[in-house]
**Student:** 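I am attaching a structure below and will ask some questions about it afterwards.
Keep in mind that the numbers below use all heavy atoms, side chains included, and drop hydrogens, waters and symmetry copies. All chains are named by letter (A, B, ...) in the order of the sequence lines, taking the proteins before the strands, and each is independently numbered beginning at 1.
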Amino acid sequence: MNETASPKEVMAAAIAHDLKDGQWVEVGANLPVPRAGALLGHLHHGPNMTVMIAMTKAYLRDTPVIEEFEFITDVGAMQWSEAYYQHDQLLNNQRHRANGVFFCGGIQIDRFGNSNMIGIGSDYKNLKFRGPGPIGTTNATAQNGTWHLVTNSHDPRVLVDRVDYISALGYGRGEKNLREDLGLPNGGPSSIITPLCVFDFDEETRSARLKSVHPGVSVDKVVESTGFSIIVPENVPITAGPTAEELVLLRTRIDAKGALRG
Amino acid sequence: MNETASPKEVMAAAIAHDLKDGQWVEVGANLPVPRAGALLGHLHHGPNMTVMIAMTKAYLRDTPVIEEFEFITDVGAMQWSEAYYQHDQLLNNQRHRANGVFFCGGIQIDRFGNSNMIGIGSDYKNLKFRGPGPIGTTNATAQNGTWHLVTNSHDPRVLVDRVDYISALGYGRGEKNLREDLGLPNGGPSSIITPLCVFDFDEETRSARLKSVHPGVSVDKVVESTGFSIIVPENVPITAGPTAEELVLLRTRIDAKGALRG
Amino acid sequence: MGGETVSDVRASRIVEVEEAAAAVKDGMTIAIGGFINSGHPMAIVRQLIKDGRKDLTVVGAASSGLETDLLIAAGVASHVISPYVGAEGFAGIGPAFRKAGQDGLIDIFELDEAHFYAGLRASAQRVPYNPWKAGVGTDLPKVNPWLKEYRDPINDELLIAVPAINIDVAFLHAAVSDIYGNVQHNGTRYGDISMYNAATKTYVSVEKVVSPERIKADPLRTSIPGATGIIRAPYGSHPYSADGYYVPDAEHINTYLAAATSWLKTGDRAELDAYIAEFITGPADHADYLERIGIRALLSLNEF
Amino acid sequence: MGGETVSDVRASRIVEVEEAAAAVKDGMTIAIGGFINSGHPMAIVRQLIKDGRKDLTVVGAASSGLETDLLIAAGVASHVISPYVGAEGFAGIGPAFRKAGQDGLIDIFELDEAHFYAGLRASAQRVPYNPWKAGVGTDLPKVNPWLKEYRDPINDELLIAVPAINIDVAFLHAAVSDIYGNVQHNGTRYGDISMYNAATKTYVSVEKVVSPERIKADPLRTSIPGATGIIRAPYGSHPYSADGYYVPDAEHINTYLAAATSWLKTGDRAELDAYIAEFITGPADHADYLERIGIRALLSLNEF
C-alpha cells in the first residue's frame with residue numbers, strides 16, 4: 001500500500017479491488033474515478049472483463065497509455081473497439097447486466113443507499129435545485145449484479161439521511177426483504193465510496209456502516225462530514241489503496257495526465 | 001387486356017393493379033404470384049415503392065431481368081440492396097406497415113376472409129393435416145394497411161365455409177365492427193385472389209362476393225369450385241388482366257423463366 | 001388501372017431545411033437525435049426556433065445535450081421527455097433545463113433511459129405501452145404518473161408500464177445519404193434508429209449527399225433506410241460533433257452556456273436573447289450561420 | 001487483494017463441438033439460429049443427436065428449416081417453439097414436423113413470428129412477458145394458452161401477453177470470429193442476434209477464425225460481441241447455405257426429405273434411421289461427415 005496515493009486514487013483502487021475478471025463494466029466519460037477504477041481492474045487482473053467505453057466494446061490491455069476522452073461519443077476511443085454498441089440496443093437488452101458492475105452517483109445519497117438525480121426540494125413542481133435527471137441509474141442499479149454508490153463530495157448536503165426523491169433504489173427505509181419483495185434481480189448496493197472512506201451496509205438495519213477510512217482520514221472527520229448517522233464498528237480498518245504496481249498502472253497508463261491527482 | 005395471359009399472370013396483374021406508388025411490400029421466396037405482382041407494380045407504376053426482397057430493401061427498376069431466387073436468404077438477391085433488413089428488427093418495428101400491403105396464403109381460407117395455417121382437423125392434438133405454422137400471417141394481416149388473401153388452389157377443400165383454426169383473422173363470422181372492437185389497425189382483407197376469380201367482401205355481411213372472373217372462366221365454374229356460398233352480383237365483370245405493356249414486363253423482366261406460365 | 005398511373009421517376013427526397021421544419025406544427029411531439037455533445041441536427045433546431053414554434057414536446061436523446069437546453073431556452077419546448085439534459089464536461093446539467101425545471105416553465109417527463117427506449121419501442125410496435133422492471137419502488141411513478149406501477153397478467157409481478165412515446169417528426173443528423181433517403185451513420189448510431197422507428201416522419205440532415213452506388217456498396221451500414229426528407233447540411237451538427245467529420249466547438253458551446261447560465265443565475269434573458277439573435281434568428285440561413293462562426297473556427301475542429 | 005489474483009492472459013473461447021454440445025442437458029431449452037435453408041449450426045445439431053439428447057425444447061428460427069425437422073425426427077425435440085418449420089421450394093412443411101404434429105409426438109408452441117420476437121425480447125429484457133396487438137380474435141390463444149389475451153393496464157385495450165422465451169443455450173452459425181468470441185456475419189443476420197440476447201450461453205460455429213485485427217478493422221460488423229464459445233466449422237452449415245461461402249446442397253436436402261417423408265407417409269422409420277446412421281451417428285466427427293459428403297459435392301456448392 002502506497003501512502004502517497006491521492007484520495008481519488010484510493011477510491012479508484014477500492015473500485016478495482018472489488019472487480020472480478022470476466023465482469024461487465026461500463027466506463028462513462030467525465031467520471032474519472034470509476035473510469036480509472038474499472039480500467040485498473042481491467043489492466044491489473046481483468047483480461048476477460050467486458051469493458052464498454054465510449055460506445056464501443058473495448059480491450060485496452062495492449063494500449064500503452066489510455067488517453068482520457070472528454071465525450072462519451074469521442075470517435076477517438078473507437079481505436080480499441082471490437083464492436084460498437086448502439087445505445088438503444090444496449091438498453092433493449094439486459095441479460096448481460098447480471099454479470100455487470102455499476103457505479104451510481106447522486107446529487108443526494110442517503111444512509112440506505114438510495115440515490116437522487118432528480119432534484120432538491122420538497123415541491124417537485126418548484127425545486128430548489130433541478131438535477132440532471134436519472135440518466136440510466138434507475139435501471140442500472142436494478143439490473144447489474146453488483147453496484148456501488150460513488151461520490152466525489154463527501155459532504156452533509158450530499159450524504160443525507162433521506163433523499164428528497166429516490167431515482168435509484170437502494171434499501172428504501174431499511175424494510176426487511178424490500179428488494180426481494182419488489183422482485184428486483186440484485187440484492188442492493190454493496191458500498192458507498194467517497195473521498196474519505198468506504199461504507200458498506202449493515203445486514204440487519206441496511207443502514208450505512210463505516211467499512212474503512214482512507215489513509216490519513218479520522219473516523220471523526222467522516223462523522224462530521226456526513227449528513228446521516230453512521231454505524232461505526234469498534235475497529236475501522238484503513239482502506240487498502242493502490243499497491244505500488246497498481247499506482248504505476250494508474251499514473252503511467254490510465255491517468256497519465258493526473259486527473260485523479262488534481 | 002391481353003387474352004393470352006395465363007391465370008397466374010392475371011392474378012399477378014390483379015395484385016399489381018391494386019398497388020399504389022409509395023407503398024411498402026414484402027416479396028417472399030417461392031411465392032411466384034405475389035412476387036410477380038409486387039414487382040410488376042414496382043416496375044410499372046411504383047418507382048417509390050419500398051420493396052423488401054430476400055432480406056434487403058431493394059430498388060429493382062434498373063435491373064433488366066430480375067432473376068427468381070429460390071431461397072429468401074439468397075445472397076444473390078443482395079445485388080439490389082440499399083439496406084439489409086435484419087429479421088428481428090423488421091418484426092420489432094411495425095409502423096412502416098401502416099403503408100404496407102400483404103398477401104396472405106392459407107391451407108384453408110373461408111368466406112369471411114379468415115386464414116388457417118395451423119392444421120386441418122377438429123382435434124388440435126391429433127390433426128389430420130399439420131400445416132406449416134402461422135409464419136408471420138397473424139401479425140402481417142393485423143398490421144398492414146392493405147391485405148389480400150391469395151391462393152393457387154381454387155378448390156372446395158381450400159375455400160371453405162369456416163376454417164378449422166383462425167391463424168389470421170379476416171372478418172370472423174361477419175360480426176359487425178369486429179375488427180374495430182378488437183382494436184385492430186386495419187379494416188380487414190380487401191379480396192381473395194385465386195386462379196379463377198377475385199372475391200371482395202360484402203360491406204354488410206362481410207361475406208365473400210364475386211368481384212370478377214378471370215378471362216374464360218364462368219361464374220358456374222367458380223361456384224362449383226368453391227366450398228362456401230358465394231354472393232354473386234347481377235353483373236360479374238371480367239378481371240382486368242395484364243395490359244400488353246404489363247405482359248411484356250412480366251415475360252421479359254420479371255418472370256423470364258415462365259414460372260407463371262407453367 | 002394500369003397505364004394511366006405510370007410514374008417513371010423515383011422521387012428525390014432532398015429538401016431544404018425550411019421545408020423539413022415546416023412539417024412541425026405548434027403542439028406536436030418532435031425528437032432530436034444525437035447524444036450529449038454529438039450528432040444533433042442543429043441546422044433544423046435553429047430553424048424551429050426561427051419559425052417561432054411553440055408548445056412542442058421535445059423528445060431529446062437518452063442523454064440529450066444543449067440542443068434540448070436551447071429549445072427550452074428559446075421557448076419552443078413546453079414538455080421535455082429525456083432522462084438527462086446536460087453537456088458532460090462542459091456542464092453537468094443544462095442551465096435552461098435547470099431554470100425551467102426549477103421555475104416550472106416546462107413539464108419534465110421523468111424517466112430512466114431504459115424507460116425511454118421502452119416507450120419508443122411501444123410506439124414503433126404500435127402497442128399502448130411496454131413493461132419494464134426497473135423503477136418499481138422508486139419515486140419515478142410518483143413524480144411521473146405516466147409511469148404506472150401495475151401487476152403483470154401472467155405472474156402477478158410488480159412492473160412499470162411505460163406508455164408509447166409517439167413522435168410526430170424526428171430530426172436526426174448523420175454522415176451521408178443518397179437522394180432517396182438511405183442514410184448511413186459513421187460508427188455508432190446513438191439511439192437515432194429508435195427515434196426513426198417511433199416517428200411518423202423523419203428528416204435527416206447529412207454532412208454529404210452521396211451516390212446510390214456508394215450506399216449500395218455497403219448496405220449493412222444503412223442505418224435509416226427510409227428518411228422522409230434529407231437536408232444537405234455540412235457542419236450541420238455544429239457546435240456539436242459529427243462522428244468522423246469534426247469535434248465539438250468548445251468555444252461556441254461555452255458561449256451558449258454563459259448566456260444560458262446568466263439567465264439561470266439572474267433571471268435576466270438579455271445575454272441569452274443576444275445569443276439567439278446573433279446565431280439563430282439573425283443568420284439568413286445555415287451558410288450564413290456558418291459564416292458567423294467563421295471558416296477558421298470550423299476548420300480548427302477537423303482534427304481528432 | 002491486488003497482486004494475488006492477477007491473470008495476464010485473455011482466454012481463448014475456441015471450443016470443440018463436443019464441448020459446446022455438452023452445455024446442453026436433457027430437458028433444456030435450446031435455440032438454433034439461421035433462417036429456413038441458411039445459416040444453421042449443423043455440426044452442433046448433429047452432435048446433439050449423437051449425444052442422444054432428449055426432451056429438449058427447440059426454439060427454431062422465426063422461419064426454421066429442416067435442422068428443426070431433423071431434431072424432431074431424431075427424437076431430440078419434445079417441444080418446438082417456431083412460427084414455421086419447412087424448406088421453401090424443397091418442402092412447404094417439414095415432414096417430421098408434420099408427422100410429429102399430427103401424431104402428438106411433440107408439443108408445438110403455436111405463434112406468429114412477431115410473438116416469437118416479443119418472447120425473445122422479454123427474455124433479453126428480463127421481463128415476464130411482452131405485449132403484442134396481433135393475435136387478438138384469432139385461435140392462437142386457444143391452441144396455445146401461453147399466449148394470453150388480457151386488457152392493458154393503461155388503456156384497457158385487448159392485447160396478447162407473450163411470455164418470455166428463456167433460452168439456456170443458443171447455437172448459431174456465422175462467417176467469422178476472433179478467438180475471443182467477437183462474431184461477424186456476412187450480410188443479414190436473420191434473427192440470430194435476438195437469440196443471443198435471450199440466451200444464458202451462446203455457442204457460434206464459424207466458417208473461419210480470423211485475427212482480432214480483422215474484427216477491429218470493422219467493428220460495426222460485429223454481430224455477436226460475446227459468444228460463450230466459438231467452434232471452428234468450415235462447411236458447418238451444410239447442407240444449408242452459409243452466406244457468401246456456399247449455397248444449399250439440394251441433393252443432400254432431398255435425401256433427408258425422402259427419408260423423413262417415408263416416415264411421414266408409412267410410419268416406417270427405416271429410411272430415416274439409415275439417414276441418421278449414415279450422416280449423423282456414423283461419422284466420427286465433422287470432418288468425417290464432410291468426407292461422406294465428398295469434396296466434389298462440397299466444391300460444387302461454391303458458385304452463386
**Student:** Among A/Leu184, A/Leu91, A/Ile135, which residue forms the greatest number of heavy-atom pairs with chain C at distances under 4.5 Å?
**Tutor:**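 Sorted descending by pairs with chain C, the first entry is A/Ile135.
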**Student:** Quick check on A/Gln86 against chain C: is it the side chain, the backbone, both or neither that has a heavy atom closer than 4.5 Å?
**Tutor:**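 Both parts, heavy atoms under 4.5 Å.
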**Student:** Counting only heavy atoms not in A/Arg261, do more than 12 fall under 6.0 Å of its CZ?
**Tutor:**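 Yes, CZ of A/Arg261 has more than 12 neighbouring heavy atoms, counting only those of other groups under 6.0 Å.
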**Student:** Is the count of non-hydrogen atoms from other residues, nucleotides or ligands lying under 6.0 Å from A/Glu180 atom CD greater than 12?
**Tutor:**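 Count over threshold, so yes.
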**Student:** So how far is it from C/Leu140 CG to A/Ile166 CD1, rounded to the nearest 0.5 Å?
**Tutor:**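 One finds 10.0 Å between CG of C/Leu140 and CD1 of A/Ile166.
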**Student:** Please find the pair of heavy atoms, one from A/Arg130 and one from C/Ile108, that lie closest to each other, and give the distance.
**Tutor:**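 In this case the closest contact between A/Arg130 and C/Ile108 is NH1-CD1, 3.6 Å.
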**Student:** Identify the residue among A/Asn139, A/Leu90, A/Asp88 that makes a side-chain contact (heavy atoms from CB on, under 4.5 Å) with C/Tyr117.
**Tutor:**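 For C/Tyr117, the side-chain contact (heavy atoms from CB on, under 4.5 Å) check succeeds only for A/Asp88.
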**Student:** Please look at C/Asn186 and chain A and tell me whether the side chain, the backbone, both or neither of the residue comes under 4.5 angstrom of a heavy atom of that chain.
**Tutor:**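 Neither; nothing under 4.5 Å.
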**Student:** Between A/Leu182 and C/Gly137, which heavy-atom pair has the shortest distance, and what is it?
**Tutor:**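 Nearest pair, atom of A/Leu182 first, then C/Gly137: CD1-CA, 3.9 Å.
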**Student:** Quick check against the 3.5 Å criterion: does C/Thr138 have a side-chain atom that pairs as donor or acceptor with the backbone of A/Ala168?
**Tutor:**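 Answer holds: no.
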**Student:** Of the non-hydrogen atoms in A/Asp164 and C/Asp139, which two are nearest, and what is the gap between them?
**Tutor:**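 Nearest pair, atom of A/Asp164 first, then C/Asp139: O-OD2, 4.1 Å.
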**Student:** Evaluate the criterion side-chain contact (heavy atoms from CB on, under 4.5 Å) for residue pair A/His87 and C/Ile193; output intermediate values, then yes/no.
**Tutor:** CA-CA 10 Å; A/His87 196 251; C/Ile193 294 174; over 6 Å; no
**Student:** I need the residue from C/His185, C/Glu110, C/Arg189 with the largest number of non-hydrogen atom pairs under 4.5 Å to chain A.
**Tutor:**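 Top option by heavy-atom pairs under 4.5 Å: C/Glu110.
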**Student:** How about C/Glu251: does its CD atom have over 12 heavy atoms from other parts shown lying under 6.0 Å from it?
**Tutor:**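 Count not over threshold, so no.
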**Student:** Within the supplied structure, the quantity of interest is the number of heavy atoms (other residues, nucleotides, ligands) at a distance under 6.0 Å from A/Arg162 CZ; does it exceed 12?
**Tutor:**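 No.
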**Student:** For C/Val85, is it the side chain, the backbone, both or neither that has a heavy atom under 4.5 Å from a heavy atom of chain A?
**Tutor:**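 Contact with chain A: backbone only.
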**Student:** For the OG1 atom of A/Thr137 and the CD atom of C/Glu113, what is their distance to the nearest 0.5 Å?
**Tutor:**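 Answer for the OG1-CD pair, A/Thr137 versus C/Glu113, is 8.5 Å.
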**Student:** Which heavy atom in A/Gly136 sits nearest to a heavy atom in C/Asp112, and how many Å separate them?
**Tutor:**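 Minimum heavy-atom contact is C-OD2, 2.8 Å.
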**Student:** What residue in C/Ser38, C/Ser63, C/Gly135 has the most heavy-atom pairs under 4.5 Å with chain A?
**Tutor:**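 Heavy-atom pair counts peak at C/Ser38.
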**Student:** Got a second to check how far C/Leu158's CG is from A/Asp181's CG, nearest 0.5 Å?
**Tutor:**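 Between atom CG of C/Leu158 and atom CG of A/Asp181 there are 10.5 Å.
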**Student:** With a 4.5 Å cut-off on heavy-atom pairs, point out which of A/Met117, A/Gln94, A/Gln89 contacts chain C the most.
**Tutor:**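 Among the listed options, the one with the most contacts to chain C is A/Gln94.
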**Student:** My understanding is that only one of C/Phe90, C/Tyr190, C/Tyr240 makes a ring pair (Phe, Tyr, Trp, His ring centres under 6.0 Å) with A/Phe71; could you say which?
**Tutor:**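 That would be C/Phe90.
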**Student:** For A/Phe129, is it the side chain, the backbone, both or neither that has a heavy atom under 4.5 Å from a heavy atom of chain C?
**Tutor:**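 Both the backbone and the side chain of A/Phe129 come within 4.5 Å of chain C.
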**Student:** Show the nearest heavy-atom pair for residues A/Gly131 and C/Phe97, with the distance to one decimal.
**Tutor:**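 Result for this residue pair: O-CE2, 3.4 Å.
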**Student:** For C/Trp132 and A/Gln143, work out which heavy atoms get closest and say how close.
**Tutor:**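 Nearest pair, atom of C/Trp132 first, then A/Gln143: NE1-NE2, 4.1 Å.
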**Student:** Atom OG1 in A/Thr138, atom NZ in C/Lys133: separation rounded to 0.5 Å?
**Tutor:**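 Rounded to the nearest 0.5 Å, the OG1-NZ separation comes to 14.5 Å.
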